[in-house]
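Data first, discussion second: the structure below is written as structure tokens.
Each chain gets a letter, A, B and so on, in the order its sequence line appears, and its residues count up from 1. Computed from a predicted structure; not experimentally measured.
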Amino acid sequence: MCRAVPVNELLERASQHSDKLHTLSTTLTQELDSHFPPIGRVIMPRPAMCHTSSLQTPVDKDQALQVSESDLMSLARSLLQAWSDPLVLLSSSASALPHPAQSTIFNKIQEMQQYSKSLKDGLDVLSSKMGSSAQAITSLPYRGGTNLGQDKITKLINFNFLLSCLRRDSHKIDSFLKVLRCRAAKMQPEMC
Amino acid sequence: MACARMVKHLGLPLLLLLLALAAECNSMSPPEKPDKLGCRSPDKETFFCWWTPGSDGGLPTVHHLYYKTEGQENMRQCPDYHKAGSNSCFFSKTSIWVEYTVIVEASNALGNTSSDPLTFDLMNIVKPFAPENVTVVVNIEDSPHLTIQWHTPSNIDTKSGWVTLKNQLRVKPDKSKIWKNYASETQTHFTIYSIDLGVVYMVEVRCAIDNSWSEWSNTTFVKVPNFSRKDNSFWIMVFSLCLIPLLVAMIILILKRKTVKKYILPPVPSPKIRGVDVQLLKSGQSEDVINAMLLNQRFPVMIPWKDQKEDYLIVSDKETSYLPLEKKKIFILPLAMTLDSEVQSKETSEVDHFPKDSESSSEESSDKTESSQLLTKCSSANVLNDEKANQLKGVTEKIFQPFGISGYVDIPRHEHMQEADYSRVNEVNGDNILIMKKENVPHTLDTQGQEGSVPDNYSMVKEVNSDNMVFLEKHSESVNASFKAKGYIDWVNQKPKNLHMTGHSEMGVCPQLVGCEYVDTVPPPAVI
């Protein structure tokens with residue numbers, strides 16, 4: 001008789017995935033910053049311009065701890081879903097990125113796509129165990145088009161901007177899942 | 001009056017001018033722009049910012065920090081300038097995933113100067129402090145290991161899951177340049193087993209929130225002792241206690257090595273030649289060999305012959321003799337010497353009956369004793385030959401090595417019993433007494449070619465009557481009866497001859513080799 005994997009174990013695996021996603025995105029931004037024109041920082045769009053900024057998420061710890069598990073799961077899934085298309089764009093842009101660390105960046109983008117896909121599948125399974133509200137996904141379409149710019153600077157700036165948005169959103173997902181994990185592991189405080 | 005009024009009118013601007021001049025001479029200026037802004041959140045909840053003030057322009061300068069979050073329009077002032085130290089601002093209430101903009105303004109009497117703005121997200125400035133109370137315990141009882149413990153930095157909320165800490169530590173011997181890193185996920189203790197004795201180790205620990213690592217903690221030095229004193233003395237005692245009985249046993253073994261050797265490797269009985277010194281034999285020199293043979297020889301007491309009648313026995317060496325040619329080889333003494341003392345003694349006991357029994361006959365009592373001795377030796381030799389011909393062959397071959405002679409005398413095996421000629425038995429008296437018929441028997445027994453009526457078997461002679469009546473005695477052994485009789489007769493008749501030839505008595509018992517030759521002198525009678 002097959003025993004279903006308990007929820008806290010699923011959450012543990014999910015949070016490991018999200019942690020990896022966040023680490024990758026952080027490394028990517030640092031790599032890009034190593035050879036970034038200073039002017040780009042000035043004219044870079046603000047994070048409020050991220051395509052996922054319309055999603056209402058808690059802004060501090062107290063707020064985050066008050067969100068229900070289902071809502072936390074829903075937020076995480078929505079954010080994850082919002083990045084499936086932009087990642088494709090990032091991948092295609094990275095293949096021809098005018099940057100000295102282009103190949104490393106490209107490989108990391110590929111890795112992120114894999115982790116993102118497997119995390120999405122895992123969260124689908126988890127949310128099915130948590131009720132219908134957990135399964136609701138807010139649609140956050142990316143409207144940035146199919147390429148990041150015509151010239152080198154614009155490309156780099158837009159690439160950097162997308163990466164910063166991705167870094168924030170991956171951090172959100174990671175934080176939500178870790179809060180969920182801790183709540184599910186009430187029997188095992190060492191999980192937190 | 002006019003001068004006073006002039007001074008009054010001129011005074012004030014002059015004063016101002018002087019002041020202005022004075023001010024310029026002192027180079028007072030508005031403050032320099034504050035520099036090196038930084039902000040850090042050690043716990044993902046609060047954060048603090050710091051700056052480096054520029055020169056104050058010679059005037060008392062005040063610094064103010066202003067911030068705003070994205071979506072706000074107005075700058076707000078720092079809520080707390082003191083908690084985080086001088087030139088810092090502490091934020092207890094924060095927002096995450098929003099962009100902050102922070103500016104520091106320096107102002108003095110002459111003006112304000114603002115720093116460059118710093119924009120950040122809380123998640124970007126998260127960096128915990130290094131772990132506290134790092135303790136390293138050295139333990140070398142079982143296998144040497146280091147037990148390292150530490151505390152997470154204070155004020156970090158891990159219980160709600162908002163913060164997840166990862167830990168990492170690194171260790172290196174103080175003389176080495178390479179650190180060895182170990183990952184410890186959420187636990188705040190760690191054990192390292194691969195350490196060497198007698199080395200000073202440096203240990204450092206750090207932690208991370210969301211993959212943002214703290215600084216390394218202050219280095220902790222530990223010295224791993226060379227050995228455990230308690231262990232060492234214990235083992236020394238055990239070692240010495242075990243060693244003493246071992247030494248004693250060794251000494252005893254050495255002192256009694258011969259006994260031990262005898263016990264462990266009992267001497268294998270090897271065939272010994274009575275009276276032969278094997279060591280001398282081995283040395284190989286002929287003189288020594290001969291001496292070896294002769295050593296401890298107990299020669300039979302050679303009593304000078306008393307006058308007696310001498311009978312000569314003619315021994316011829318014909319082809320038709322019973323014995324094949326090779327059997328007439330010299331009966332070398334060693335052959336006799338190789339006789340087993342057992343056999344010898346056995347035979348002697350047997351043969352000794354002869355002289356005892358024959359003592360009754362007056363003629364040859366003394367002779368018989370002597371001759372019996374000779375007989376003893378030779379007949380036993382003969383008997384031995386007959387009984388153990390094969391064995392003897394083997395033995396003689398060995399002994400003959402020094403001589404290079406492999407002669408032997410082979411006794412024909414008479415399968416059939418040589419029976420006495422009972423044709424002339426007159427009557428049987430008692431058990432084994434045959435009373436023979438009277439007949440003419442020549443005195444000198446021709447050992448050769450004698451045929452006919454002479455009875456062969458004298459072994460059972462008990463008493464010889466004057467008119468040729470032979471009283472046979474009971475004898476248990478009948479197989480070799482014939483031989484014994486013959487031998488007896490032969491030797492009786494040959495003894496004087498033998499005596500003269502004792503010059504070559506190096507060989508021992510049978511003084512004359514030739515004399516010891518076994519000769520089947522009386523062929524079996526045709527009657528039988």
task = May I ask you to check whether over 12 heavy atoms, not counting those of B:Asn218, lie within 6.0 Å of atom CG?
result = no
inquiry  = With a 4.5 angstrom heavy-atom cut-off, is it the side chain or the backbone of A:Thr23 that approaches chain B, or both, or neither?
reply    = both
query = How many angstroms lie between CZ in A:Arg167 and CE in B:Met123, if you round to the nearest 0.5 Å?
reply = 5.0 Å
task = Mark yes when over 12 heavy atoms from residues, nucleotides or ligands other than A:Tyr115 sit less than 6.0 Å from its OH; otherwise mark no.
result = no
ask   = With a 4.0 Å cut-off, would you call B:Lys44 and A:Asp60 a salt bridge?
value = no
ask   = Between atom NE2 of A:His171 and atom CD1 of B:Ile96, what is the distance when rounded to the nearest 0.5 Å?
value = 5.0 Å
query = Any luck finding a side-chain donor-acceptor pair between B:Asn211 and A:His22 under 3.5 Å?
reply = no
request  = Please indicate whether B:Ile178 has more than 12 foreign heavy atoms, meaning atoms of other residues, nucleotides or ligands, lying under 6.0 Å from its CD1.
outcome  = no
key: Atom pair CG/CG of A:Asp19 and B:Asp210 - distance to nearest 0.5 Å   = 7.5 Å
message = Taking the basic N atoms (NZ, or NE/NH1/NH2) and the acidic carboxylate oxygens, is any pair closer than 4.0 Å for A:Arg46 and B:Glu99?
response = yes
ask   = Does CD belonging to B:Gln187 count more than 12 external heavy atoms closer than 6.0 Å?
value = yes
query = Which is it for B:Trp97 and A:Ser175 under the side chain to side chain contact (heavy atoms under 4.5 Å, CB included) test, yes or no, and what are the steps along the way?
reply = CA-CA 11 Å; B:Trp97 303 311; A:Ser175 299; 3.6 Å; yes
request  = Name the region of A:Asp174, side chain, backbone, both or neither, that has any atom closer than 4.5 Å to a heavy atom of chain B.
outcome  = side chain
request  = Please indicate whether B:Lys223 has more than 12 foreign heavy atoms, meaning atoms of other residues, nucleotides or ligands, lying under 6.0 Å from its NZ.
outcome  = yes
inquiry  = Within this structure, what is the OG1-CG distance for the pair B:Thr164 and A:Leu177, rounded to the nearest 0.5 Å?
reply    = 10.5 Å
inquiry  = side chain to side chain contact (heavy atoms under 4.5 Å, CB included), that's the test. Do B:Val163 and A:Lys61 meet it? Break it down for me.
reply    = CA-CA 10 Å; B:Val163 173; A:Lys61 172 189 140 185; over 6 Å; no
task = For B:Asn155, look at atom CG and say whether over 12 heavy atoms of other residues, nucleotides or ligands are found less than 6.0 Å away.
result = no
key: Segment of B:Ser95 engaging chain A (4.5 angstrom heavy-atom cut-off)   = both
note = What one should report as the nearest heavy-atom pair of B:Glu70 and A:Ala48 is OE2-CB, 3.5 Å
